[in-house]
Asks: 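Have a look at this one.
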Amino acid sequence: MSTEPLRFDTKIAVLLRADLEPWQRLNVTAFLVSGLGVTVPEVVGEPYEDADGVAYLPMFRQPVLVFEGTKETLRAAHARALGRALPRAVFTADLFTTGNDRDNRAAVRAVPTADLDLVGLAVYGPRGGVDKVLKGARMHP
């Protein structure tokens, strides 16, 4: 068994708008990455089990890196993610006022792409491509 750290050629990243409240940052991050495992199943590792044989759900096989930026940084990153056709998820300010998946999807569907009030973006893809999408963002403190 190798003790060398694993280095992935892909990256899972979340970009949050810097003016979010702490609870919003956590909520948005959880929502943004929730669809990735279903859409890109290779990002999910094997199930966990403790020493007593109790089973736990699998998790992502690699870290989720969280960044922050301004509204403009988010808008530019979104455009770059679209241009690179990378798997992505969005969370808009409107979703803070809805209470269920149906209303969330309707809120996003009601707004043209250029007018989305983005507060969060998740993106997955080759490391270099994701790095280019996140240009101008900084690691979350």
Side-chain angles (χ1 to χ4, degrees), residues 1-51 53-141:
M1 179 175 194
S2 175
T3 59
E4 292 294 315
L6 288 176
R7 181 129 169 107
F8 297 97
D9 58 350
T10 58
K11 185 179 274 189
I12 300 170
V14 173
L15 174 57
L16 302 171
R17 203 165 75 192
D19 62 350
L20 294 179
E21 295 292 327
W23 73 266
Q24 291 173 318
R25 291 169 183 255
L26 297 171
N27 184 265
V28 170
T29 300
F31 267 94
L32 285 171
V33 298
S34 66
L36 189 56
V38 174
T39 307
V40 188
E42 63 268 20
V43 300
V44 178
E46 297 295 319
Y48 286 72
E49 184 177 295
D50 66 24
V54 176
Y56 301 96
L57 295 172
M59 295 186 279
F60 291 134
R61 64 183 179 95
Q62 66 190 89
V64 175
L65 302 172
V66 182
F67 297 81
E68 69 176 8
T70 64
K71 188 174 193 171
E72 294 75 23
T73 303
L74 264 163
R75 186 177 313 241
H78 182 244
R80 289 190 291 264
L82 291 173
R84 292 180 172 277
L86 294 175
R88 67 215 162 261
V90 295
F91 197 103
T92 66
D94 295 333
L95 302 187
F96 289 127
T97 65
T98 60
N100 61 74
D101 185 53
R102 182 191 66 239
D103 291 342
N104 286 351
R105 285 182 283 111
V108 173
R109 187 175 30 254
V111 180
T113 305
D115 297 332
L116 291 172
D117 186 7
L118 297 170
V119 298
L121 171 72
V123 64
Y124 170 77
R127 291 177 63 81
V130 172
D131 289 342
K132 288 177 181 169
V133 165
L134 297 173
K135 184 178 178 185
R138 61 189 177 276
M139 285 295 290
H140 190 280

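Hydrogens, waters and symmetry mates play no part in the numbers below; they use all other heavy atoms, side chains included. Sequential numbering from 1 along the given sequence is applied to the chain's residues. This one's a predicted model, so the numbers in the text were calculated from it and none came from an experiment.
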Asks: Go through the structure and list residues passing side chain to side chain donor-acceptor pair (under 3.5 Å) with Q24, not counting sequence neighbours.
Replies: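 Q24 satisfies side chain to side chain donor-acceptor pair (under 3.5 Å) with no other residue.
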Asks: Provide the full list of side chain to side chain donor-acceptor pair (under 3.5 Å) pairs with a residue in residues 26-50, sequence neighbours left out, each pair given once.
Replies: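 Checked against side chain to side chain donor-acceptor pair (under 3.5 Å) - neighbours excluded - the pairs reaching residues 26-50 are D50-Y56.
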Asks: Restricting to side chain to side chain donor-acceptor pair (under 3.5 Å), what partner residues turn up for R88, sequence neighbours left out?
Replies: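 Testing R88 for side chain to side chain donor-acceptor pair (under 3.5 Å), a comparison that skips the adjacent residues, returns none.
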Asks: Which pair of non-hydrogen atoms, one from G45 and one from P58, has the smallest distance, and what is that distance?
Replies: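 Smallest heavy-atom distance, with atoms named: O-CB, 3.2 Å.
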Asks: Looking at G120 and V28, what are the two nearest heavy atoms and their distance?
Replies: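 Taking every non-hydrogen atom into account, CA-CG1, 4.0 Å.
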Asks: Measuring only between side-chain heavy atoms, which start at C-beta, is F67 closer than 4.5 Å to M139?
Replies: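 Contact flag for F67/M139 side chains = yes.
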Asks: Provide the closest heavy-atom pair for L118 versus R17 in the form atom of the first, atom of the second, distance.
Replies: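 Heavy atoms only, the tightest pair is O-NH1, 3.3 Å.
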Asks: Within a radius of less than 6.0 Å around CZ of F31, do more than 12 heavy atoms belonging to other residues, nucleotides or ligands occur?
Replies: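 Not buried by this count: 12 neighbours or fewer within 6.0 Å.
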Asks: Under the rule for side chain to side chain contact (heavy atoms under 4.5 Å, CB included), what residues qualify as partners of R84, not counting sequence neighbours?
Replies: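 Counting only residues at least two positions away or on another chain, R84 forms a side chain to side chain contact (heavy atoms under 4.5 Å, CB included) with L86, K132, V133.
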Asks: May I ask you to test the L65-L134 pair for a side-chain heavy-atom distance under 4.5 Å?
Replies: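 L65 does not reach L134 side chain to side chain.
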Asks: Heavy-atom count check: over 12 atoms from other residues, nucleotides or ligands less than 6.0 Å from R75 CZ?
Replies: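 No, CZ of R75 has 12 or fewer neighbouring heavy atoms, counting only those of other groups under 6.0 Å.
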Asks: Spell out, as yes or no, whether a donor-acceptor pair under 3.5 Å connects the side chain of Q62 to the backbone of T10.
Replies: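 Yes, because the side chain of Q62 sits within donor-acceptor range (under 3.5 Å) of the backbone of T10.
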Asks: Got a sec, which residues hit side chain to side chain donor-acceptor pair (under 3.5 Å) with T73, two or more places apart in sequence or on another chain?
Replies: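 Partners of T73 by the side chain to side chain donor-acceptor pair (under 3.5 Å) criterion, ordered by chain and then number, come out as T70.
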Asks: V123 and L15: side-chain contact (heavy atoms from CB on, under 4.5 Å), yes or no, with the steps?
Replies: CA-CA 8 Å; V123 64; L15 174 57; over 6 Å; no
Asks: Is the shortest heavy-atom distance from the side chain of V14 to the side chain of R25 under 4.5 Å?
Replies: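 No, too far: nothing below the 4.5 Å cut-off.
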Asks: Is there side-chain contact between F96 and L20, with heavy atoms separated by less than 4.5 Å?
Replies: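 Yes - at least one pair of side-chain heavy atoms lies under 4.5 Å apart.
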Asks: Which donor-acceptor pairs under 3.5 Å do the side chains of residues 104-111 make with protein atoms, sequence neighbours left out?
Replies:
{"unit_1": "N104", "atom_1": "OD1", "unit_2": "T98", "atom_2": "OG1", "d": "2.1"}
{"unit_1": "R105", "atom_1": "NE", "unit_2": "D101", "atom_2": "OD2", "d": "3.0"}
{"unit_1": "R105", "atom_1": "NH2", "unit_2": "D101", "atom_2": "OD2", "d": "3.3"}

Asks: How long is the span from the CG atom in L74 to the CG atom in D117, to the nearest 0.5 Å?
Replies: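 It comes to 9.5 Å.
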Asks: For residues V130 and Y124, report the shortest heavy-atom separation together with the two atoms involved.
Replies: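 Heavy atoms only, the tightest pair is CG2-C, 3.9 Å.
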